[in-house]
Amino acid sequence: MKYLSPAEKQLFNIRVWEIVRRIPLGRVITYGKIAELIQPLPGMDPKEYLAWSPRWVGGAMASCPEDVPWQRVINSQGKISLRKGSGQSVQRQLLEDEGVQFDERERVDLRKYGWEGSDFKAS
DNA sequence: TCCTTGACTCAGA
DNA sequence: CTCTGAGCCAAGG
């Protein structure tokens, strides 16, 4: 079993924030997608990474810097993830201000607004 | 040190 | 489409 050192976890968070900063205005990405764009850490079991990295991304968002557009990160169902505070309504408002539309069930069409990270990989 | 909780995702029913 | 359970990490009290 490979456990992450504090330094590795910090590096993971930094990579997450770098990617989120690249998301274009009015586009969204999922936690899992961000995890895919980050190469698994050396020595880590790929299966294990696949299972837990999305949650680590969530953890990174829980304490992100001011300049990170956290509102553009949603879950794989196209919905805003629930959290402790009442930030969901704030997140939805911010996205609507960017032109992202929600359907009657509070969902975003990922085929329309989802960002695949192509701009990130290209640069 | 033990225990709880967490901004997730996927497969199966 | 909705609901459930498994996965078995990491931080904080």
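Numbers restart at 1 for each chain; the letters A, B, ... are given by sequence-line order, proteins then strands.
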Novice: On DNA chain B, nearest-nucleotide positions of A:Tyr31 versus A:Glu36: which is more 5'?
Specialist: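 The 5'-side residue here is A:Tyr31.
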Novice: Can a donor-acceptor pair be found, under 3.5 Å and without considering hydrogens, that links the side chain of A:Asp103 to the backbone of A:Glu106?
Specialist: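 Yes; at least one donor-acceptor contact below 3.5 Å.
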Novice: Compare side-chain N and O positions of A:Lys9 against OP1 and OP2 of C:dA11 and report whether any pair is under 4.0 Å apart.
Specialist: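 Yes, A:Lys9 has a side-chain N/O under 4.0 Å of OP1/OP2 on C:dA11.
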Novice: For A:Leu50, which contact category applies under a 4.0 Å heavy-atom criterion: base, sugar-phosphate, or nothing?
Specialist: nothing
Novice: To the nearest Å, give me how far apart CE (A:Met61) and C1' (C:dA10) are.
Specialist: 18 Å
Novice: Check whether A:Tyr49 and A:Ile14 end up in the same hydrophobic cluster, where Ile, Leu, Val, Met, Phe, Trp and Tyr are linked by side-chain heavy atoms less than 4.5 Å apart.
Specialist: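 In one cluster with A:Tyr49: A:Ile14, yes.
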Novice: Indicate yes or no: does A:Arg72 engage A:Glu98 in a salt bridge with an N to O separation below 4.0 Å.
Specialist: yes
Novice: Rounded to whole Å, please give me the gap between CZ in A:Phe12 and P in C:dC9.
Specialist: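 From A:Phe12 CZ to C:dC9 P: 15 Å.
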Novice: In whole Å, I'd like the distance from the NZ atom of A:Lys84 to the C1' atom of C:dA11.
Specialist: 12 Å
Novice: Sub-3.5 Å donor-acceptor pair from the side chain of A:Arg27 to the main-chain atoms of A:Gly114, do we have one?
Specialist: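 Checked: pair present.
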Novice: Would you kindly give the CZ-to-C1' distance between A:Arg55 and C:dC9, to the nearest whole Å?
Specialist: 8 Å
Novice: Check the interface with nucleotides 2-4 of chain C: list each N/O to N/O pair with the protein under 3.5 Å, or write none.
Specialist:
unit_1	atom_1	unit_2	atom_2	d
C:dT2	OP1	A:Arg105	NH1	2.9

Novice: Spell out, as yes or no, whether a donor-acceptor pair under 3.5 Å connects the side chain of A:Trp56 to the backbone of A:Lys9.
Specialist: no
Novice: Can you check salt bridge (Lys or Arg N to Asp or Glu O under 4.0 Å) on A:Glu96 and A:Arg92, steps first, answer last?
Specialist: CA-CA 6 Å; A:Glu96 290 184 323; A:Arg92 171 170 176 163; 3.1 Å; yes
Novice: Using a 3.5 Å distance criterion without hydrogens, assess whether the side chain of A:Tyr113 forms a donor-acceptor pair with backbone atoms of A:Gly78.
Specialist: no
Novice: Under a 3.5 Å distance rule, please check whether A:Glu8 uses its side chain to pair with a backbone N or O of A:Ser5 as donor and acceptor.
Specialist: yes
Novice: Do A:Gln91 and A:Arg83 get their side chains close enough for a donor-acceptor pair, meaning under 3.5 Å?
Specialist: yes
Novice: Tell me, please, the opening and closing nucleotides of DNA chain B, 5' to 3', among those with an atom under 4.0 angstrom from a non-hydrogen atom of chain A.
Specialist: B:dT5 to B:dC10
Novice: What's the gap between B:dA7 and C:dG7 when it is taken at their P atoms, as a whole Å value?
Specialist: 22 Å
